[in-house]
Colleague: 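Before I ask anything, here is the structure I am working with.
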Protein chains: 2
Amino acid sequence: MTDADRLLALRRAIPVADEAARRAAFDRHSLLAKPAGSLGRLEDLGAQLAAVAGAVPPPVPERPAVVVFAADHGVHDEGVSPWPQAVTALMVRTFRSGGAAVNALAEVVGATVAVIDVGVAERALLPADVDDRRVAGVTANLRTGPAMSRTDAIAALLVGADVAAATIAGGADLLVGGEMGIGNTTAAAAVIAACTGAPAEAVTGRGTGIDDATLQRKIGVVADALLRSGPPADPVDVLAELGGHEIAALAGFYLAGAAARVPVVVDGVIALAGACIAGGLAPPVVGSMIAGHRSTEPAASLALAHLGLEPVLDLGMRLGEGSGALLAVPVIRSAAAVLGRMAALQDVVGPAPH
Amino acid sequence: MTDADRLLALRRAIPVADEAARRAAFDRHSLLAKPAGSLGRLEDLGAQLAAVAGAVPPPVPERPAVVVFAADHGVHDEGVSPWPQAVTALMVRTFRSGGAAVNALAEVVGATVAVIDVGVAERALLPADVDDRRVAGVTANLRTGPAMSRTDAIAALLVGADVAAATIAGGADLLVGGEMGIGNTTAAAAVIAACTGAPAEAVTGRGTGIDDATLQRKIGVVADALLRSGPPADPVDVLAELGGHEIAALAGFYLAGAAARVPVVVDGVIALAGACIAGGLAPPVVGSMIAGHRSTEPAASLALAHLGLEPVLDLGMRLGEGSGALLAVPVIRSAAAVLGRMAALQDVVGPAPH
């Protein structure tokens with residue numbers, strides 16, 4: 001089977017949400033020992049988990065897994081970030097040694113952390129035993145030409161799908177996509193602009209915290225890239241013209257999670273770029289997505305609105321790595337737990353008043 | 001020592017926040033392996049935990065404890081709730097048997113759940129071995145006269161303080177105050193009105209989900225109570241005129257947590273009424289408070305603003321029991337964990353650029 005055929009099969013494998021299970025979850029909530037609707041978003045989340053699993057109550061996710069996809073970006077040549085590309089490789093080392101934010105946050109919620117190289121520039125700095133799933137080198141400069149070929153975009157997407165499938169086969173019951181890549185807020189902004197139709201100045205943010213001059217340069221780079229690439233033919237075209245290998249991998253990761261009826265927690269702006277690509281390839285995938293938080297990057301809110309997702313948390317974060325998504329994991333667990341563990345109101349107090 | 005003397009001693013025992021530790025936490029954050037400020041609210045929360053503990057990094061709370069204070073309310077006579085008072089006692093049974101929301105949510109975050117009777121009406125329905133810390137019977141109807149005596153208000157407050165101290169002595173390192181009491185959103189609304197100066201129509205909400213006619217009656221009850229009681233002499237006067245035994249106990253619970261330099265997570269509108277009383281008695285107590293969530297009850301937002309607290313979560317919840325506060329526990333743990341476990345940026349990448 002060619003990669004293109006594999007992608008088509010993956011898109012066709014995304015189930016539609018189980019609306020009967022969703023309704024049954026809301027019905028169950030209305031019978032539990034609490035005022036109707038008093039758990040707010042937790043009730044919606046529980047119903048979504050039921051719709052994903054096709055079961056009421058849905059299982060409480062006990063084995064969340066974070067996968068951090070790491071890649072570098074040719075657009076770094078444009079001076080869109082003050083950080084050298086070596087930082088991508090050095091942060092991969094840090095994820096592996098346990099000293100990054102994602103490690104601390106994963107420990108709190110009992111999540112595993114895996115790191116995948118899908119195109120890091122400074123390979124000499126990577127751990128010797130890094131999980132090498134590279135499909136090509138580093139992307140080309142998206143301002144001046146396509147970031148990658150369609151072939152490579154599909155291959156990187158399938159890497160993410162394969163990693164998700166293997167992670168689920170290993171026992172994971174909740175997937176969190178993370179990423180690392182110096183320059184990747186530029187690619188993510190461009191991808192989200194292409195998916196939503198928003199202009200460069202609306203999608204482009206300060207990323208790691210760039211100054212005004214760098215922000216203006218970054219907006220110009222995104223604007224040039226959008227003008228160069230023109231209206232995209234399809235989501236793979238968006239990836240090829242404007243994306244990054246980690247964005248492609250995240251798109252595939254979300255698709256394969258949905259195909260296995262495993263909920264996926266979407267993180268910040270880079271993850272949302274991948275989510276927009278996944279949603280373009282197979283709209284029902286959005287039913288499996290839970291937006292973990294609202295990143296302060298402007299393109300994040302545009303992508304959330306585009307996907308119709310309301311984030312669980314809004315804590316003013318903009319780190320990536322999967323950090324904001326991890327913080328939402330206990331809320332997701334709680335949404336399933338109340339559906340599964342609470343007593344019925346009638347068993348507590350008899351028939352309701354009125 | 002009289003109860004009045006004990007309360008005075010408790011108020012004097014509240015430490016001011018350790019501002020040097022807070023600054024040191026922010027300084028540490030600026031050196032960790034991430035862009036400066038990229039963890040948003042998590043950085044503020046970590047600094048608050050450092051200021052409470054007087055240590056950087058602050059300890060990661062491993063043993064959170066929820067205490068649910070249960071009491072009934074004489075104002076129930078006014079028809080402010082469709083639920084009979086028996087529900088308070090029956091929910092105490094449910095907390096004990098593990099079938100309530102607070103039990104499911106506590107299990108997710110590894111918190112213990114204790115239930116204290118501070119004035120439940122239908123005692124015959126309570127478990128035989130209920131933790132009986134009643135200081136009087138049920139409060140009187142706050143519309144027509146003081147809810148309780150100043151003596152009883154102080155005694156109930158000291159019950160909460162004693163329970164907090166015992167819970168901390170038992171190993172708890174994070175306190176969550178919960179409550180149960182049919183009619184208690186009426187008392188909480190009146191207390192918050194008295195503390196903030198807001199009018200009855202601004203503080204009064206639908207509680208468990210009352211209809212329009214009941215809401216209008218409830219607003220009238222709160223307005224009458226505020227007119228009757230007049231400008232309060234002091235926070236104990238507010239409790240005595242308008243409060244409830246669980247609101248008094250929660251105020252004492254927060255004070256004793258702060259006195260022991262243990263952070264307290266404040267839940268919804270009833271808990272916030274107790275927090276406003278505690279803040280009135282000893283303003284530095286607010287430094288130990290973390291607002292777990294923003295309840296949809298209108299008085300909750302007024303109380304949060306009055307206390308200067310920004311909630312961690314905003315999930316459209318209005319259940320009480322400590323439910324919203326419990327959901328914030330993993331975020332609080334995460335705030336401490338990143339400060340304690342992340343590597344320094346310089347150890348990862350060398351000196352920062354520019």
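Lettering follows sequence order; numbering is per chain, from 1.
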Colleague: Under a 4.5 Å cut-off applied to non-hydrogen side-chain atoms, are B:L315 and A:L45 in contact?
Modeller: no
Colleague: Tell me, please, which residues at least two apart from A:R63 pass salt bridge (charged side-chain N to carboxylate O under 4.0 Å, His left out).
Modeller: none
Colleague: Hey, which residues of residues 26-34 of chain A are touching chain B, say heavy atoms under 4.5 Å apart?
Modeller: A:A33, A:K34
Colleague: For residues 85-103 of chain B, pull every pair meeting salt bridge (charged side-chain N to carboxylate O under 4.0 Å, His left out), keeping only residues two or more places apart or in separate chains.
Modeller: B:R96-B:D129
Colleague: Rounded to the nearest 0.5 Å, what separation is found between the CG atom of A:L327 and the CZ atom of B:R41?
Modeller: 12.0 Å
Colleague: Need one label for B:A101: side chain, backbone, both or neither, based on atoms under 4.5 Å from any heavy atom in chain A.
Modeller: both
Colleague: If you look at every heavy atom in A:P35 and B:T208, which pair is closest and at what distance?
Modeller: CB-O, 3.2 Å
Colleague: Side chain, backbone, both or neither: which part of A:T94 has a heavy atom under 4.5 Å from chain B?
Modeller: side chain
Colleague: Quick one: which of B:E43, B:M317, B:R333 has the most heavy-atom pairs under 4.5 Å with chain A, could you say?
Modeller: B:M317
Colleague: Which bit of B:V312 is near chain A, if near means a heavy-atom gap under 4.5 Å: side chain, backbone, both or neither?
Modeller: both
Colleague: Please classify the contact between B:L39 and chain A as side chain, backbone, both or neither, with a heavy-atom cut-off of under 4.5 Å.
Modeller: both
Colleague: What heavy-atom pair brings B:A36 and A:R318 nearest, and what distance separates the two atoms?
Modeller: O-NH2, 2.8 Å
Colleague: Ignoring hydrogens, what is the shortest heavy-atom contact between A:A337 and B:V108? Give both atom names and the distance.
Modeller: CB-CG2, 3.7 Å
Colleague: Return the set of residues passing salt bridge (charged side-chain N to carboxylate O under 4.0 Å, His left out) with A:R217 (not counting sequence neighbours), or none when no residue passes.
Modeller: none
